[in-house]
Amino acid sequence: MNTRLQLELTVTLGTFSLSAALRLGDEPLALIGPNGAGKTSLLLAIAGLLTPETGTLSLGDAKLFDRAQRVDVPTEARAIAYMPQDDALFPHLSALGNVEFAVAARHPAWTRAQTAERAHALLKELEATPLAPRKPAQLSGGERQKIALVRALGAEPRALLLDEPLAALDATARRQVRAFLFEHVAALKLPALVVTHDPDDVRALGGRVAALEAGRVIQTGSLDELRAAPKSPFIAQFAGATGAP
Amino acid sequence: MNPSLVRRLLWLPSALLLALIGAPLVALLWRTGVTALGQGLANPLVGAALRTSFATSVLALVLVIALGTPLAWLLAHERGRLGSWLELLAQLPVVLPPSMAGLSLLLAFGRRGLLGPLLESLGLEIAFTQKAVVLAQVLVAAPFYLQLATAGFRGVDERYVQVARTLGSGPWRTFSRITLPLALPSILAGAALAWARALGEFGATLMFAGNLEGSTQTLPLAIYSALESDVRAAQALSVILLAVALVLLVLVRTFGPKRGAA
């Protein structure tokens, strides 16, 4: 594996301590773990929205955080797009406006026409052109996730963080959006950390998993490896192992 | 008890209160009438007071927005004890008697006030000038703006700001494109209420700025003065203030934050 995103971070939140080390190549990694394990906190720390106590974070050749060397690149300069649990589309902007916002953030010198052209092209690429004029409130859950992904791509990120992107969808929508969303995410050839509670998501993402429990990464590997030798009851249950460890 | 009967019984005290609010307004409009309104408006007091009120209240509103918006943002994001103390201080003028506020303004900015010598060395005279009118209006109007603008900023989901920044948007661009538009209904409602309050300011202005025709005499002060000379002018001025207040209130309810929202 060619390591793109590498991190070793310790985040302290009140009495909770998160201490995680991960290496990602140009491919998705599913992040699993029980509620309260620190999954969202880890994403926020990688995005620069939470300041770690200690540690290092690098993306490609760029060092984004290094406590010892006092490096802390601000969120907006990290080029790591974050999709929170609820898609968080800007409610006052249309779907197109949401995408244009990201394109313009990446290319501040572009004219409005150039920005709109790129946004339209991205929407077309992800088969979302008919949604362009609609406000987020007029979109279905699946459509919102689609636009959220288009928006994230509009910022030309070098890494993606997705926090339970399918959690808000019903079973039918989840199947459709899963196929679409994760196929695109995998095709991006970017390091992508995807929080999920669903083994089907892991398979759709290519099968690599990191399991976080109580603020520690306790196991990484393929879904099959986890099933064969689960290191905790949670992992055993998640991977569908027959016997407890 | 029968719920519909309870409902009917509730109307009894409600109607009394509504009558108390409505009766003076009806009386004002009834007793003024179109003819007296025309005659009253012809009084030279009216034009001067209108100009003074408009000029001072617009300037006060500009100051309230320019100084109050940063403070509202800070109050919305300041957690802990300092934030709640600052908010208490900012809300204090709402419950203060205006005459007391006027006296305090004099004690602070008057010629013999706490800051008097400093202001004099700067060649600034505030008390009993239009500057004093503006200051009094800012003092009483700012809390209305602060309260709604703070609520507006608080109502903006932090995730929108976080996502905007991960998309490469810096703090200023995120504020102007995301936070501000989302808080705007509350901010505009606050500005409208603050302007209405500034226009209606009476007690603090009288104490701190005086009642000088053509200079510090605003609409409410002119009503007070006209009562002794020309009642029709007082009524005409009251009708104007009523109309402006109604328009502002309707604007707040139409474009302001939707019920149930922040």
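Chain identifiers are assigned alphabetically (A, B, ...) following the order of the sequence lines, protein sequences preceding nucleic acid strands; residue numbering begins at 1 within each chain. Basis for what follows: all heavy atoms, side chains included, without hydrogens, waters or symmetry-related copies.
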Q. If you tally heavy-atom pairs under 4.5 Å against chain A, which of B/R177, B/R159, B/R173 wins?
A. B/R173

**Q.** Six-ring centre of A/Y82, B/R165 cation under 6.0 angstrom, axis tolerance 45°
**A.** no

Q | By salt bridge (Lys or Arg N to Asp or Glu O under 4.0 Å) - contacts of A/E8 (at least two apart) | A | none

Q | Best-contacting candidate, A/A47, A/G48, A/P74, A/A104, against chain B by heavy atom pairs under 4.5 angstrom | A | A/A104

Q. For A/E117, does the CD atom sit with more than 12 other heavy atoms under 6.0 Å from it, leaving out its own atoms?
A. no

(Q) Which heavy atom of A/P91 sits nearest to which heavy atom of B/Y160, and what is that distance? (A) CD-CZ, 3.5 Å

Q: Under 4.5 Å, counting heavy-atom pairs only, tell me which of A/V103, A/L89, A/L93 racks up the most with chain B.
A: A/L89

Q: Answer whether the closest heavy-atom distance between the side chains of A/F90 and B/L182 falls below 4.5 Å.
A: no

Q. Checking A/A77 against chain B: side chain, backbone, both or neither under 4.5 Å from a heavy atom?
A. neither

Q: Identify, with sequence neighbours excluded, every residue that meets salt bridge (Lys or Arg N to Asp or Glu O under 4.0 Å) alongside A/R178.
A: A/D198, A/D201

Q | From A/L49, A/I80, A/L160, residue fulfilling side chain to side chain contact (heavy atoms under 4.5 Å, CB included) relative to B/T166 | A | A/L49

(Q) Quick check on B/Q147: does its CD atom have over 12 non-hydrogen neighbours (other residues, nucleotides or ligands) under 6.0 Å away? (A) no

Q.
In the structure I gave you, are the side-chain heavy atoms of B/S169 and A/E76 within less than 4.5 Å of one another anywhere?
A. no

(Q) Are more than 12 heavy atoms, taken from residues, nucleotides or ligands other than A/E183, located less than 6.0 Å from that residue's CD atom? (A) no

Q: Go through the atoms of A/D86 and report whether side chain, backbone, both or neither lie under 4.5 Å from a heavy atom of chain B.
A: both

Q) Do you know the tightest heavy-atom contact between A/A155 and B/L167? A) CB-O, 3.3 Å

Q.
Working to the nearest 0.5 angstrom, can you tell me the gap between A/L44 CG and B/Q162 CD?
A. 5.5 Å

**Q.** Interchain contact, A/A148 with chain B, by part (heavy-atom threshold 4.5 Å)
**A.** neither

**Q.** Heavy atoms from other residues, nucleotides or ligands near CZ of B/F255 exceed 12 (cutoff 6.0 Å)
**A.** no

